[in-house]
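Read the structure below first, then the notes.
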There are 2 protein chains.
Amino acid sequence: MPTIGVFDSGFGGLTVLRELLKVLPGVDYLYFGDTARLPYGSKSAHTVAKYAISSTHFLEQQGAEMLVIACNTATALALDDIRAASSVPVIGVVEPGAKRAAELSKTGKAAVIATEATIASHAYQKALAQHGIQATEKACPLLVPLVEEGWVEHPVTEQVAHIYIDEMFRNGGQGADVLVLGCTHYPLIRPLLRRVAPPQVQIVDSAESTANQVAQQVKNCATAKTGTLRCYATDSVEKFRRLGSRFLGREIENIELIDIEK
Amino acid sequence: MPTIGVFDSGFGGLTVLRELLKVLPGVDYLYFGDTARLPYGSKSAHTVAKYAISSTHFLEQQGAEMLVIACNTATALALDDIRAASSVPVIGVVEPGAKRAAELSKTGKAAVIATEATIASHAYQKALAQHGIQATEKACPLLVPLVEEGWVEHPVTEQVAHIYIDEMFRNGGQGADVLVLGCTHYPLIRPLLRRVAPPQVQIVDSAESTANQVAQQVKNCATAKTGTLRCYATDSVEKFRRLGSRFLGREIENIELIDIEK
């Protein structure tokens, strides 16, 4: 079973790791959060590609034999660049989410919410089009800071989600029967988004779909009995421990501070 | 008249530059926004100091003869480190804001709102204590993303500001008659904050106070007839132009993309 390197700009990718731990518990994981340079969601493709490649190189140096790009923005803007710069298999979060949405949709129409940079790249729209699905996309830049403030069941978050989602379903999103969560922070407000989205709409979580695809890909490998987890962060270990546990859903013990810009 | 280098993590410092242009229009300015690595407000002192020093070095190399640290977080966490690493005079935004608050307060009590990192450093509390003023501080992490979303006159922003400010004036802030805006984004929602804050409270904008202190410091220098402005950004020039003009209050022409991590 290969050592799996999971990369994200910060804490959000821990929701992907959480799903991976459900389907592949007996694996050695390395998690890298580029917390000094987060967030990627508001940055340019050039900058995101540069940061992502330096981070995934680090994971390969640490022994990662497969890379999961657990950051929607990095996947959307830089997956080809990361693949070209890597010597191990690389799986992003966009394609598994798009594939799952296509399996579920009956109307052939999907709605996608994500960061500003992911939406501007139209990565989901393109991936869904490959599966014959027409997509309406909406950037929701306030949802990440609201989740990080811990307001996951707060009336302000519900109001903001309503503004974004109502607007999307009014403008182009009519007929969509699937809502893709195209940002790793959004699973934390899934119950709230469930209330806000129209009732006939099914929710697809890219974190879940990606974990299933990874499991599929390594299903023929031998499984160890117990897996390990090591985390690396480029900023405060204390903050990583505190915020990270909310995303992972359990305490995080093994965190190391590293300087990627040396 | 010295060339003044203005440094910020992103666009917010343009509110300080805007005030500088009012009181010192005939000066050559260099503005540096470290937009690839923003925001600083949620990062550790170590990371903020490292980023700020590499950025101010760059401004000195470009000819800055005086540095204005127009970022509350960088001033709060790294002013001493920046001063130690610089060969020109360095002015931060915290002390001028604290001084102005002390001049205005009759009750000897002030309230301060700022980013998570600025509040955690207690830089304003310490600076105000030097002037005999007791401070209550409150981190308002959602206000920056709300301003950047352009929701400067939006009911959600008013509601969020109410939650933060009411909580502060209930818990420890009773009797404060001055509210210090300890983040460069907040001047953009000053009218909204005016409505939300108790009516007897006067608002102190650190951007304004800092510009006045810089003017004081260079008042004996000869003034040129016209000044110039050059801007440098570490991420998208297009985004700097678009967002920056909102903060500066006018169009920005001269922007150059630079790579500080080389």
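Quantities reported herein were computed from a predicted structural model and do not represent experimental measurements. Labels below follow one simple rule: chain letters A, B, ... track the order of the sequence lines, proteins then strands, and each chain is numbered from 1.
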Honestly, the part of A:H154 sitting under 4.5 Å from a heavy atom of chain B is side chain
Pair A:K50-B:D259, side chain to side chain contact (heavy atoms under 4.5 Å, CB included): steps then yes or no: CA-CA 11 Å; A:K50 188 175 69 172; B:D259 187 349; 3.2 Å; yes
Cut-off 4.5 Å, heavy atoms of chain B, and the answer for A:I163 is side chain
Answer key: most heavy-atom pairs under 4.5 Å with chain A among B:P155, B:S236, B:A36, B:A139 is B:A36
B:E116 side chain reached by A:E149 side chain, heavy atoms, under 4.5 Å:
no
d(A:D235 CG, B:H46 NE2) to nearest 0.5 Å is 8.5 Å
Okay, A:Y51 and chain B: the region with an atom under 4.5 Å from a heavy atom over there is side chain
Here the pair of heavy atoms bringing B:T35 nearest to A:K43 is O-CE, 3.5 Å
Cut-off 4.5 Å, heavy atoms of chain B, and the answer for A:S42 is both
B:E261 side chain reached by A:R37 side chain, heavy atoms, under 4.5 Å: yes
Correct closest heavy-atom pair for B:P39 and A:L38 would be CD-O, 3.7 Å
Under 4.5 Å to a heavy atom of chain B? For A:E148 that would be neither
Taking every heavy atom of B:T47 against every heavy atom of A:T234, the minimum-distance pair comes out as OG1-O, 4.0 Å
